[in-house]
Novice: 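A single structure is presented below for examination.
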Amino acid sequence: AVAQARTPGPTATLKITIAPFFGNRWLLPRLPDFHEQHPDIEIKPSLSFDYVDLGKSGFDAAVRYGAGDWEGMTSVLVCNDVVSPVCAPQLINEHRVPLAAQDILDLPLACGGRWREDWLAWANASGATIANPENITEYESRAFMFDAALSGQAVILADLRMTAADVAAGSLVQLSPIKVERPQGLYVVSEAAPNPNPRLHVFTTWLAQQARG
């Protein structure tokens, strides 16, 4: 597939629809590396929260976050979430990190979408308990969840790849070294086809390499 994709000829364009949170935070800064490695493949990203009909929209694929359960589509896993608790420094005042697991769970907690189970899995891994799981604030999307953390409203469980830049900049603090891998993650989603696009395979492979890096 890689050999086919590198066959000399005019530059091929892959139109990819991407969730803005992932695109702005992680993918777009890395795209120059892809274009340097694969000058014959141009990635044309479109940032949108909307789920599109890939068969009618003209997009070759979508990069989406979830559990890979998109009916009738081919979903290739890029990486699973590996999550750990983070928050803005002002939420913990002058307390030094790492914090004890129970102290973390006693702070205001938030989650995104349907991923409340992340907190229960982390609590189980840390040997602590959440007194009132129903009090975990649930936000519609990961983007809103991150905004809540950055503004000092709550502690969130977030994928370490997505928080690395914020932790390095000091806008978020990782509260514990305990991390757990979750079943949800990033997928490249495309229409099921008997002959998959070899250039899309190259892009997906590159994405997975970047996620491991």
Side-chain angles (χ1 to χ4, degrees), residues 18-31 33 45 47-50 63-67 78-187 207 210-213:
I18 303 165
F21 174 78
F22 170 70
N24 288 321
R25 178 171 287 271
W26 195 86
L27 179 57
L28 294 188
R30 289 170 168 80
L31 270 185
D33 176 81
L47 303 184
S48 174
F49 287 111
D50 297 332
V63 178
R64 287 291 182 259
Y65 179 77
V78 173
C79 60
N80 289 111
D81 271 1
V82 178
V83 300
S84 190
V86 297
C87 71
Q90 62 266 31
L91 187 63
I92 59 171
N93 296 315
E94 301 299 321
H95 293 290
R96 297 181 63 181
V97 295
L99 297 181
Q102 195 59 59
D103 291 338
I104 294 171
L105 296 176
D106 290 338
L107 292 168
L109 307 179
C111 65
R114 51 191 173 123
W115 313 118
R116 185 180 296 266
E117 290 293 323
D118 287 2
W119 272 116
L120 301 178
W122 189 85
N124 183 63
S126 66
T129 58
I130 302 175
N132 297 296
E134 67 277 5
N135 290 340
I136 298 173
T137 302
E138 185 172 312
Y139 288 90
E140 182 180 351
S141 70
R142 287 199 304 167
F144 295 153
M145 178 188 78
F146 264 77
D147 287 342
L150 288 167
S151 62
Q153 298 178 48
V155 180
I156 64 171
L157 279 178
D159 180 70
L160 294 174
R161 286 169 288 255
M162 296 296 107
T163 59
D166 296 289
V167 170
S171 53
L172 290 176
V173 179
Q174 185 175 342
L175 301 181
S176 170
I178 300 171
K179 55 189 178 182
V180 291
E181 183 170 341
R182 302 300 294 143
Q184 71 271 15
L186 286 169
Y187 287 82
L207 267 183
Q210 291 289 309
R212 290 194 300 268

Novice: Judged by atom type as modelled, is there a donor-acceptor pair below 3.5 Å linking the side chain of Arg30 to the main-chain atoms of Gln210?
Specialist: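 Pair absent, no side-chain N/O of Arg30 close to backbone of Gln210.
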Novice: Ring-plane angle category for Phe22 and Trp26, please: parallel below 30°, perpendicular beyond 60°, tilted otherwise.
Specialist: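 Ring orientation of Phe22 relative to Trp26: parallel.
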Novice: Nearest 0.5 Å please: distance from the OH atom of Tyr139 over to the CZ atom of Phe146.
Specialist: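 Rounded to the nearest 0.5 Å, the OH-CZ separation comes to 13.5 Å.
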Novice: Can you see which heavy atom on Gln174 is nearest to which on Leu160, and at what distance?
Specialist: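 Taking Gln174 first and Leu160 second, the nearest heavy atoms are OE1-CD2, 3.8 Å.
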Novice: On a heavy-atom basis, which atom in Ile18 and which in Leu27 lie closest, and how many Å separate them?
Specialist: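 Scanning both residues, the minimum pair turns out to be CD1-CD2, 3.2 Å.
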Novice: Do Arg142 and Met162 have side chains that approach each other closer than 4.5 Å (heavy atoms only, starting at C-beta)?
Specialist: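 When only atoms from C-beta onward are counted, Met162 and Arg142 do touch, with a gap below 4.5 Å.
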Novice: Can you establish whether the number of heavy atoms outside Glu140 located under 6.0 Å from its atom CD is more than 12?
Specialist: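 Counting neighbours around CD of Glu140, 12 or fewer heavy atoms of other residues, nucleotides or ligands fall under 6.0 Å, so no.
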Novice: Do Ile92 and Leu107 touch side chain to side chain, with heavy atoms closer than 4.5 Å?
Specialist: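 They are in side-chain contact.
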Novice: If you compare all heavy atoms of Trp119 against all heavy atoms of Ile156, which two are closest, and at what distance to 0.1 Å?
Specialist: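 Shortest heavy-atom separation between Trp119 and Ile156 comes out as CZ2-C, 3.8 Å.
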Novice: How about Leu120 and Ile130: do any of their side-chain heavy atoms sit closer than 4.5 Å?
Specialist: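 Answer yes - side chains close enough.
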Novice: Quick one: does any side-chain atom of Ser176 pair with a main-chain N or O of Ser84 as donor and acceptor, under 3.5 Å?
Specialist: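 No; judged by distance alone, with no hydrogens or angles, the pair does not exist.
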Novice: Please round to the nearest 0.5 Å and tell me the distance separating atom NZ of Lys179 and atom OG of Ser126.
Specialist: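 Answer for the NZ-OG pair, Lys179 versus Ser126, is 15.0 Å.
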Novice: Write down the atom of Val78, the atom of Ala211, and the distance for their closest heavy-atom approach.
Specialist: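 Closest approach of Val78 to Ala211: CG1-CB, 4.2 Å.
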Novice: Heavy atoms, side chains only, cut-off 4.5 Å: are Leu28 and Leu47 in contact?
Specialist: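 Leu28 vs Leu47: side chains touch.
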Novice: Which heavy atom of Ala88 sits nearest to which heavy atom of Leu172, and what is that distance?
Specialist: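 That would be N-CD2, 3.9 Å.
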Novice: If you draw a 6.0 Å radius around CD in Glu134, do more than 12 non-hydrogen atoms from other residues or ligands fall strictly inside?
Specialist: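 Counting other residues, nucleotides and ligands, CD of Glu134 exceeds 12 neighbours.
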Novice: Pick out which of Asp103, Leu91, Val155 makes a side chain to side chain contact (heavy atoms under 4.5 Å, CB included) with Leu175.
Specialist: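 Passing option: Val155.
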Novice: Yes or no on side chain to side chain contact (heavy atoms under 4.5 Å, CB included) for Asp166 and Val86, after CA distance, side-chain angles and deciding distance?
Specialist: CA-CA 10 Å; Asp166 296 289; Val86 297; over 6 Å; no
Novice: Taking Arg182 as the fixed residue, which of Asp159, Asp118, Asn80 is the one that meets the side chain to side chain donor-acceptor pair (under 3.5 Å) rule?
Specialist: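 Of the listed residues Asp159, Asp118, Asn80, the side chain to side chain donor-acceptor pair (under 3.5 Å) partner of Arg182 is Asp118.
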Novice: How long is the span from the CD1 atom in Ile136 to the CG atom in Leu157, to the nearest 0.5 Å?
Specialist: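 With rounding to 0.5 Å, CD1 (Ile136) is 8.5 Å from CG (Leu157).
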Novice: Rounded to the nearest 0.5 Å, what's the gap from CG on Leu109 to CD on Glu138? Could you check?
Specialist: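 Answer for the CG-CD pair, Leu109 versus Glu138, is 13.0 Å.
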Novice: Parallel, tilted or perpendicular, judged at 30° and 60°: which one describes the rings of Trp115 and Tyr65?
Specialist: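 Trp115 and Tyr65: perpendicular rings.
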Novice: Could you grab the distance from atom OG of Ser171 to atom CD of Gln90, nearest 0.5 Å is fine?
Specialist: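 With rounding to 0.5 Å, OG (Ser171) is 9.5 Å from CD (Gln90).
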Novice: Are any non-hydrogen side-chain atoms of Trp122 and Pro85 less than 4.5 angstrom apart?
Specialist: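 Yes. Closest side-chain heavy atoms under 4.5 Å.
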Novice: Identify the two heavy atoms, one from Pro177 and one from Pro98, that lie closest to each other, and give their separation to 0.1 Å.
Specialist: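 Heavy atoms only, the tightest pair is CD-CB, 3.9 Å.
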Novice: For residues Pro108 and Thr137, determine if any side-chain heavy atom of one lies less than 4.5 Å from a side-chain heavy atom of the other.
Specialist: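 No, side chains not in contact.
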